Amino acid sequence: MMTDPEQSPLPARLILNWYDRHHRSLPWRITPPMAKAGRTADPYHVWLSEVMLQQTTVQAVKPYFETFLSLWPTVDALAAAETEAVMQAWAGLGYYARARNLKKCAETVSRDHSGRFPDTEEALKRLPGIGDYTAAAIAAIAFNRQSAVLDGNVERVVSRLHAVETPLPSARPALRALTAAITPADRPGDFAQAMMDLGATICTPKRPACALCPLNGLCRARRDGDPERYPLKAAKKTKPERKGAAFVAIDGDGAVLLRKRGGTGLLAGMTEVPGSAWTARADGETDTGAAPFPARWEACGGIRHVFTHFALELTVYRVRLAARVNPPEGWWEPSATLAAQALPTVMKKVITQAIPGAFPRKDIVT
């Protein structure tokens, strides 16, 4: 007989029992065996991983997390780092506002909190770049607060458990309340991570392994025979299209002309090749008037990159110079150090279009 999840005291117990046996081992996580041995979560590690994991996969985050810890093992060390070095270490991970807020948050914690993160959701949300989800995750995982942690995986588990008919994003307040109702006072951090693991490995978007799920006796979506229906989602709006041109200049030694973007707006402070403005103009992709200097620029194809709010198509132009010219802005970066620059993924795509093999495929996070 199926039990009503709203009436049952079992969800937390079932989830934690499952997590004790099937938890994922992740570089930033204190697993149950580690906790039994006396290890406790480091708030800096929890915060760093949660910021990196926003809209990014676990596999993509792992090497970045380890790199950041090797360079800046404490929040005070990160606060003292040069902004350019942080942006370079972040390059390729995407959503670069996260990196800028990461630096600001580290500075705030170091300066205003003596290098110690606040231990409540309310205080955490007053820090730069920390919203509802991240505050709840840090409070629960690092400080054992009974906070309802709601990421995409948890949304899917809870919406199926209760067969929530309201589509996302409108359903989020109700899903948060339902998550709070089953979040235990004991081991809330493990519970939050268990729910994330369950959504990532069992209660997957397609073909969920319901037979292996510890909540299968409570799940209304499974009872109704259509778990993949949940969570319901509002119809997606078509993203606007923008076009532009990018110019890859290569000197006789293989160095590439780079410049730095302005300090505000999308990809602020990042490194790029020269290019035109990104506009909705139909002819933007053929506009060579934005070239950094007169030369025999040849079109060598195009790239497409999808940002959060729009899709971008860039026509790529290339020129190989016998003698280096002095550009009005920017610098010539040797090919040997090109990968160390703070180049966002869209620019790595551009350079690779002009210079195949310029970056390892693993460095171009799509």
Side-chain angles (χ1 to χ4, degrees), residues 60 63-64 67 71 81-94 96 99 242-279 281 283-307 312-366:
Y64 283 89
T67 295
L71 293 171
E82 293 292 333
T83 298
E84 178 66 17
V86 175
M87 299 304 289
Q88 287 180 358
W90 190 277
L93 197 56
Y96 293 94
R242 295 185 187 175
K243 298 179 183 294
F247 300 90
V248 180
I250 310 150
D251 77 358
D253 296 323
V256 175
L257 179 61
L258 300 178
R259 68 183 185 186
K260 190 174 293 296
R261 292 178 67 86
T264 60
L266 184 65
L267 306 180
M270 301 297 290
T271 302
E272 66 175 1
V273 299
S276 69
W278 301 343
T279 72
R281 286 174 51 204
D283 63 342
E285 72 274 25
T286 60
D287 184 6
T288 57
F293 51 79
R296 291 187 175 182
W297 295 96
E298 61 167 337
C300 58
I303 66 100
R304 180 178 175 83
H305 190 78
V306 179
F307 293 99
L312 175 66
E313 290 186 359
L314 293 176
T315 297
V316 181
Y317 294 89
R318 174 181 58 200
V319 67
R320 294 185 182 275
L321 303 170
R324 180 180 294 186
V325 302
N326 291 320
E329 64 173 336
W331 69 95
W332 292 95
E333 186 65 37
S335 59
T337 55
L338 190 61
Q341 297 306 302
L343 289 159
T345 297
V346 62
M347 289 300 144
K348 289 183 178 181
K349 288 182 178 179
V350 165
I351 294 172
T352 300
Q353 183 66 33
I355 312 172
F359 302 97
R361 288 184 61 86
K362 67 180 179 61
D363 286 354
I364 304 179
V365 180
T366 56

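Keep in mind it's a predicted model, so treat the numbers as computed, not measured.
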Let me confirm one number: the [atom1]-[atom2] distance from [X] to [Y], rounded to the nearest 0.5 Å.
X: Met347; Y: Thr352; atom1: CE; atom2: OG1; result: 12.0 Å
X: Lys243; Y: Thr315; atom1: NZ; atom2: OG1; result: 8.0 Å
X: Met87; Y: Gln341; atom1: CE; atom2: CD; result: 12.5 Å

Donor-acceptor pair, distance only, cut-off 3.5 Å: does the side chain of [X] make one with the backbone of [Y]?
X: Tyr317; Y: Ala354; answer: no
X: Gln353; Y: Ile303; answer: no
X: Lys260; Y: Met270; answer: no
X: Ser276; Y: Ala245; answer: yes
X: Asp251; Y: Asp253; answer: yes

Glu329: salt bridge (charged side-chain N to carboxylate O under 4.0 Å, His left out) partners, not counting sequence neighbours:
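Partners of Glu329 by the salt bridge (charged side-chain N to carboxylate O under 4.0 Å, His left out) criterion, ordered by chain and then number, come out as Arg259.
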For Arg261, salt bridge (charged side-chain N to carboxylate O under 4.0 Å, His left out) partners two or more places apart
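Applying salt bridge (charged side-chain N to carboxylate O under 4.0 Å, His left out) to Arg261 gives Glu272.
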[X] vs [Y] side-chain heavy atoms within contact, under 4.5 Å:
X: Lys349; Y: His305; answer: yes
X: Leu343; Y: Leu258; answer: yes
X: Trp331; Y: Thr271; answer: yes
X: Phe307; Y: Trp278; answer: yes
X: Leu314; Y: Val346; answer: yes
X: Ile355; Y: Val256; answer: yes
X: Ile351; Y: Leu338; answer: yes

Derivation and outcome, side-chain contact (heavy atoms from CB on, under 4.5 Å), residues Val248 and Val316
CA-CA 7 Å; Val248 180; Val316 181; 4.1 Å; yes
Write down the atom of [X], the atom of [Y], and the distance for their closest heavy-atom approach.
X: Thr345; Y: Tyr96; value: N-OH, 3.3 Å
X: Ala60; Y: Leu93; value: O-CD1, 4.2 Å
X: Ser335; Y: Gly254; value: CB-O, 3.6 Å
X: Glu84; Y: Ala342; value: OE2-CB, 4.1 Å

Does anything in residues 330-345 form a salt bridge (charged side-chain N to carboxylate O under 4.0 Å, His left out)? List the pairs, not counting sequence neighbours.
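Found none.
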Pairs involving residues 291-303, ordered by first then second residue, that meet salt bridge (charged side-chain N to carboxylate O under 4.0 Å, His left out) (sequence neighbours left out)
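For residues 291-303: Glu298-Arg318.
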Compute the ring centroids of Trp297 and Phe247, then answer whether they are less than 6.0 Å apart.
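Ring-ring flag for Trp297/Phe247: true, centres closer than 6.0 Å.
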In chain order, what residues pass the side chain to side chain contact (heavy atoms under 4.5 Å, CB included) check against Ala85, with sequence neighbours excluded?
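Expected list: Trp72, Glu82.
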Taking only residues two or more places apart in sequence, or in another chain, which ones meet Pro327 in a side chain to side chain contact (heavy atoms under 4.5 Å, CB included)?
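Scan of Pro327 (side chain to side chain contact (heavy atoms under 4.5 Å, CB included), adjacent residues dropped) gives Leu257, Trp332.
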Starting from the C-alpha separation in whole Å, work towards a yes-or-no answer on side-chain contact (heavy atoms from CB on, under 4.5 Å) for Trp90 and Tyr64.
CA-CA 7 Å; Trp90 190 277; Tyr64 283 89; 5.6 Å; no
